[in-house]
Amino acid sequence: MNHQKHRPQAAALLLLPFLLSAPASALAAEPPEQTAAVTEAAVQKEDTYTLARIIQQVQQHNRIGQQYQLNLKLLDESYTKAKNTRKDVQSTLNSVYDQENDAYNSLGTVGKNQSSVQQGMQAVQQQITAAIQAKNPDLSSAQLQEAVQNELKTNSSYLALQAQMTALTGMESQLNSGISTAENAIDQLWDGLDEVDTTLRTLENTQDDVAKSQTDWDEEVKLVTNLLVRKTITMEHSQDLLEQKAALLQKQYAVSVKQEEIGLAVPVNTKDIQLSIEETATQLEQVTDGIQLLKRQLNDMMGRSLDAPLQIEPVPELGYVSIAPSYSADLLKQARENDYTLKTLQRDIDNYKEDAQDLKDEGKFESDTLKIYDLNIELSKVSIQNEEAALDNDLKKLIDAVKVSGQTYQEKLDAYQNAAVKYQQNEKYAEVGLISPLALQAAGLEYEQSALSRQQAAYDYALAKLEYEAFLKGVDLSIYEQYKGL
């Protein structure tokens, strides 16, 4: 599984595949009993930097860390703005509820007034009916009704009551319209609150994600710096060997030319040496360019001028191979507990369940959206299974990498010891004239090459251990992997 996140793209570096790392006990730690005096002297030099000093400056000045800080501030401001928006919407909603309640209360009052007026109108009508019946007892029902209606048209009391009823009816209509408008506004405001709540939840999740990325970068930047520093050290070591090799080849070429002149060498030997000189010059140019690019990258991360002189104190090797970790269920459990991807997937499930419950609370059991939430929950569960399987495989790969790199380092340590013994023998042979000075110089280069191979293996071993430890902590190493792959 690929544990890379969407992070800022690392600047491209032209790097040769040298293997770099630090002691496993601490990213910037150096054995104090071996290097305390050297480190103290180096720090006193204005243009000489130890690994610890470089890491300190990178942590203070690198732009990726600054971007995380700015993003968190931006998210905090956005969250505050969203919270204020929610307060405003909630305040408006409360106000509309109050207006609706007032309208309902007013509607109740209007209803009571309408009932009183209606009763008054009926009383006036009854009085008029009784007076007409008393005056004209022989009127038919239709004639009586007509007479009453005619009388009501001119009766001031009845007309006043009728006017009141008309006004109350108008008020009733307006209040009902206002209530309807308030109900629509309330629905819209509730939708607005839901949207703001969704925004707040998204911002909270994003804040958690960025904070985790920032925490990871605080650890990851140490590994990146270790990688670049150790690549620089080994490339400078390679540069020195290539310069020695170039000087030796020039001497061998001069000897071969002389031998060819007196018939002791064939032209093809001289030509082979010439080709080796050209190949070495090309390699030396590539290494020199690579060192320059590495130092420019380090200077940039440290907040210095790109081409500022950067003298790096060599980082001591661990010097031994410790017992390799063994795969176990406890280690896998630790990796799963610290894996942030699993946490985000579970967070997604919880959010989908919360949203689905909101729909159920609204009685929308047949909603298409509810079905989509259910499907997303199932997809997230499958993603969790995939992630757990990937973590299992990654753990095994990292443990294997520690074992293999440790074995390689031990082999290079043994080879270096053998090379040292062999070179000491060659020195003795040279003292008694059994080998030429050029042969001794060539043997010295072989010895130095063995030291470089040992150094590369040591750094590779230490980095493998650091990657394994970071993995168990749940640190995302996506940016580091970009640097490592260059």
Side-chain angles (χ1 to χ4, degrees), residues 8-23 26-32 34-67 217-244 246 283-318 448 451-452 455-456 458-460 462-463 466 479-480 482-486:
Q9 189 70 23
L13 297 173
L14 178 59
L15 306 177
L16 298 179
F18 291 103
L19 309 174
L20 308 167
S21 65
L27 286 166
E30 301 175 4
Q34 299 179 13
T35 64
V38 176
T39 302
E40 181 178 354
V43 170
Q44 292 175 352
K45 299 179 183 179
E46 183 179 354
D47 59 345
T48 301
Y49 286 79
T50 64
L51 174 60
R53 187 181 177 194
I54 293 174
I55 288 177
Q56 183 181 33
Q57 288 208 6
V58 169
Q59 288 176 323
Q60 293 174 352
H61 299 288
N62 77 90
R63 288 187 295 275
I64 293 178
Q66 294 170 4
Q67 286 176 340
W217 175 242
D218 290 341
E219 294 297 320
E220 188 178 14
V221 71
K222 299 175 185 177
L223 271 76
V224 171
T225 306
N226 267 270
L227 181 67
L228 297 180
V229 166
R230 284 167 170 72
K231 280 190 174 183
T232 303
I233 293 171
T234 54
M235 289 182 76
E236 287 182 330
H237 195 166
S238 296
Q239 182 184 43
D240 180 60
L241 290 182
L242 288 170
E243 290 173 348
Q244 293 183 48
Q283 293 172 351
L284 184 57
E285 182 180 1
Q286 292 174 342
V287 169
T288 301
D289 290 342
I291 292 172
Q292 181 184 17
L293 289 172
L294 280 166
K295 290 189 174 182
R296 284 172 64 88
Q297 181 67 17
L298 283 169
N299 278 330
D300 183 42
M301 294 173 67
M302 294 164 66
R304 305 172 78 228
S305 173
L306 293 181
D307 293 316
L310 181 60
Q311 188 69 29
I312 301 176
E313 185 77 17
V315 181
E317 301 171 21
L318 187 59
E448 288 296 328
L452 174 59
Q455 183 185 58
Q456 291 172 337
Y459 292 161
D460 190 32
L463 265 184
L466 291 170
I479 296 178
Y480 168 77
Q482 293 176 28
Y483 278 91
K484 186 179 177 183
L486 294 174

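Computation of the quantities below employed the complete heavy-atom set of this structure, encompassing side-chain atoms and omitting hydrogens, waters and symmetry-equivalent molecules. Predicted, not measured: the structure shown is a model, and the values here were computed from it. FYI, the numbering just counts along the sequence from 1.
Put simply, CG on Leu310 and CG on Leu298 are 6.0 Å apart, with the number rounded to the nearest 0.5 Å. The CD atom of Gln455 sits 12.5 Å away from the CG atom of Asp460 when rounded to the nearest 0.5 Å. Between atom CG of residue Leu242 and atom CD of residue Gln244 there is a gap of 9.5 Å, rounded to the nearest 0.5 Å. Interatomic distance, Asp240 CG to Met235 CE, rounded to the nearest 0.5 Å: 14.0 Å. We find the OG-CG distance between Ser238 and Leu284 to be 10.5 Å, quoted to the nearest 0.5 Å. Note that the NZ atom of Lys295 and the OG1 atom of Thr232 stand 7.0 Å from one another [nearest 0.5 Å].
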(message) Under the criterion side chain to side chain donor-acceptor pair (under 3.5 Å), I'd like the reasoning laid out for Gln66 against Asn62: C-alpha separation, chi angles, the key distance, then a yes or no.
(response) CA-CA 7 Å; Gln66 294 170 4; Asn62 77 90; over 6 Å; no
(request) Determine, stepwise, if the pair Met301 / Leu228 fulfils side-chain contact (heavy atoms from CB on, under 4.5 Å). (result) CA-CA 11 Å; Met301 294 173 67; Leu228 297 180; 3.6 Å; yes
(request) Decide side-chain contact (heavy atoms from CB on, under 4.5 Å) for Thr288 and Gln239; before the verdict, give the C-alpha distance in whole Å, the side-chain angles of both, and the deciding distance to 0.1 Å. (result) CA-CA 7 Å; Thr288 301; Gln239 182 184 43; 3.2 Å; yes
(request) Could you walk me through whether Ile312 and Thr50 pass side-chain contact (heavy atoms from CB on, under 4.5 Å), step by step? (result) CA-CA 6 Å; Ile312 301 176; Thr50 64; over 6 Å; no
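Side-chain contact between Val224 and Trp217: present, with at least one pair of heavy atoms (C-beta onward) separated by less than 4.5 Å. Between Val221 and Ile479, every side-chain heavy-atom pair lies at or beyond the 4.5 Å cut-off. Annotation: side chain of Asp300 is in contact with side chain of Arg63 (closest heavy-atom distance under 4.5 Å). Annotation: side chain of Glu448 is in contact with side chain of His237 (closest heavy-atom distance under 4.5 Å).
Glu220 places a side-chain N or O within 3.5 Å of a backbone atom of Tyr480 that can act as its donor or acceptor partner. In this structure a side-chain-to-backbone donor-acceptor pair under 3.5 Å is missing from Arg296 to Ala308.
Pairing each heavy atom of Pro314 with each of Ile233, the nearest pair is CA-CD1, 3.9 Å. Of all heavy-atom pairs spanning Asn299 and Leu306, the tightest one is ND2-O, 3.0 Å. The two residues His61 and Met302 come nearest to each other via the heavy atoms CD2-O, 3.1 Å.
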